[in-house]
Amino acid sequence: MRIDIVTLFPGIFAGPLQESILGRARTKGLVEIGVINLRDSAEGRHRVTDDYPFGGGGGMVLKPEPLFACVEALRRPGSRVILLDPQGRRFSQDVARELAQVEHLILLCGRYEGVDERVREHLADDEISIGDYVLTGGELPALVVTDAVVRLLPGALGDEEAPGKDSFGAGLLEGPHYTRPEEFRGWRVPEALLSGDHARIARWRRAQALWRTWRRRPDLLETADLSPEEQKLIEEFKHGKKPEA
Ligand code: SAM
């Protein structure tokens with residue numbers, strides 16, 4: 001897979017793309033990531049990338065010419081051009097899974113008041129928002145999307161960290177985790193996790209995931225793939241039963 005990120009501020013990406021799982025995925029050749037300075041696609045001595053909005057009002061708008069020139073130089077069959085935008089469709093684990101199948105992502109980072117509308121209408125294949133709030137630029141959203149997508153690529157995570165076990169991976173929130181010590185300030189690790197009984201541990205984890213999802217995100221249960229026993233457990237939660245602590 002290849003991801004090209006088009007930005008006016010390439011320096012933002014230096015640290016995050018080198019560290020930890022993203023850095024390792026690049027070293028292992030699972031993903032190539034390019035960070036392209038939009039200014040390099042702007043014409044003229046001053047390489048201007050933004051201009052005043054027609055009709056007046058505050059703020060600047062990213063001009064269409066450098067964005068079209070940049071994308072047209074990068075795009076090939078199999079590319080998907082994504083504009084990061086607070087008005088786009090909401091990013092989620094499902095969208096991350098969908099994007100992880102794409103051969104080549106081109107992520108366009110807006111700035112200031114955003115991009116000229118013709119970029120949205122005639123250049124972007126897709127628009128993605130990382131949530132209902134407004135950031136100063138599309139760089140952090142591009143990193144969020146890149147991180148969520150790359151960790152889904154086969155080989156990016158060790159077996160123990162498989163994404164299917166994460167929250168949203170199997171349609172539920174994940175249950176709690178504990179590590180040493182067994183007792184900390186009088187708070188003990190749940191007995192089931194110390195039992196060494198793998199079937200009991202698996203049952204405990206599943207019950208905790210169901211309980212946590214029911215308490216925090218009951219909306220997820222509407223689409224989760226639950227066995228009849230699990231559905232019965234949810235009904236019992238509704239009647240006051242709690243899972244084994
Ligand atoms: N004036 C725009 C509006 O009201 O819809 C907001 C522009 S914002 C200050 C500048 C850029 O940051 C956007 O073009 C977009 O690339 C990025 N951005 C801000 N919030 C975002 C979000 N929640 N998700 C994705 N991108 C976002």
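Start at 1 with the first residue, then count along the sequence.
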Original post:
More than 12 foreign heavy atoms under 6.0 Å from NZ of Lys28: is that the case here?
Top reply: yes
Subject >> Closest non-hydrogen atom pair, Ser195 against Ile201 >> reply: OG-CG1, 4.0 Å
Subject >> Any donor-acceptor N or O pair under 3.5 Å, side chains Glu139, Thr7 >> reply: yes
Original post:
Is it true that Arg120 and Glu127 make a salt bridge, defined as a side-chain N closer than 4.0 Å to a carboxylate O?
Top reply: yes
**OP:** Give, for atom NZ of Lys165 and atom CG of Leu172, the distance between the pair rounded to the nearest 0.5 Å.
**Re:** 14.5 Å
**OP:** For residues Ile106 and Ser79, report the shortest heavy-atom separation together with the two atoms involved.
**Re:** CD1-CB, 4.3 Å
Original post:
Is any side-chain N of the basic residue among Lys232 and Glu235 closer than 4.0 Å to the acidic one's carboxylate O?
Top reply: no
Original post:
Say you draw a straight line from CG of Leu8 to SG of Cys109; how long is it, rounded to the nearest 0.5 Å?
Top reply: 9.0 Å
Subject >> Interatomic spacing from CD1 in Ile130 to OG in Ser92 - rounded to 0.5 Å >> reply: 13.0 Å
**OP:** Check the hydrophobic clustering (I, L, V, M, F, W, Y; side-chain heavy atoms under 4.5 Å; chains of links allowed) and say if Trp204 and Leu173 are grouped together.
**Re:** no
**OP:** Check Arg90 against Val95 and note the closest heavy-atom contact, atom names and distance.
**Re:** O-CG2, 3.8 Å
Subject >> Test side chain to side chain donor-acceptor pair (under 3.5 Å) applied to Glu121 - qualifying residues, sequence neighbours left out >> reply: none
Original post:
Can you name the closest pair of heavy atoms from Leu38 and Cys70 and give their distance?
Top reply: CD1-CB, 4.3 Å
Original post:
Got a sec, which pairs hit side-chain hydrogen bond (donor to acceptor under 3.5 Å, both in side chains) with one end in residues 56-72, sequence neighbours left out?
Top reply: Lys63-Glu65
Original post:
Where the side chain of Arg39 meets the backbone of Arg47, is there a donor-acceptor pair that is under 3.5 Å apart?
Top reply: yes
**OP:** Return yes if some donor-acceptor pair links the side-chain N/O of Gln101 with the main-chain N/O of Glu98 below 3.5 Å, else return no.
**Re:** no
Original post:
Once the angle between the rings of Trp211 and Phe237 is folded into 0 to 90°, is it parallel (under 30°), tilted (30 to 60°) or perpendicular (over 60°)?
Top reply: perpendicular
Subject >> Linked, directly or transitively: Leu84 and Phe68 (ILVMFWY side chains, under 4.5 Å) >> reply: yes
Original post:
Glu103 pairs by salt bridge (charged side-chain N to carboxylate O under 4.0 Å, His left out) with which of Arg76, Arg75, Arg80?
Top reply: Arg76
Original post:
Is the shortest side-chain N to carboxylate O distance from Arg203 to Glu229 below 4.0 Å?
Top reply: no
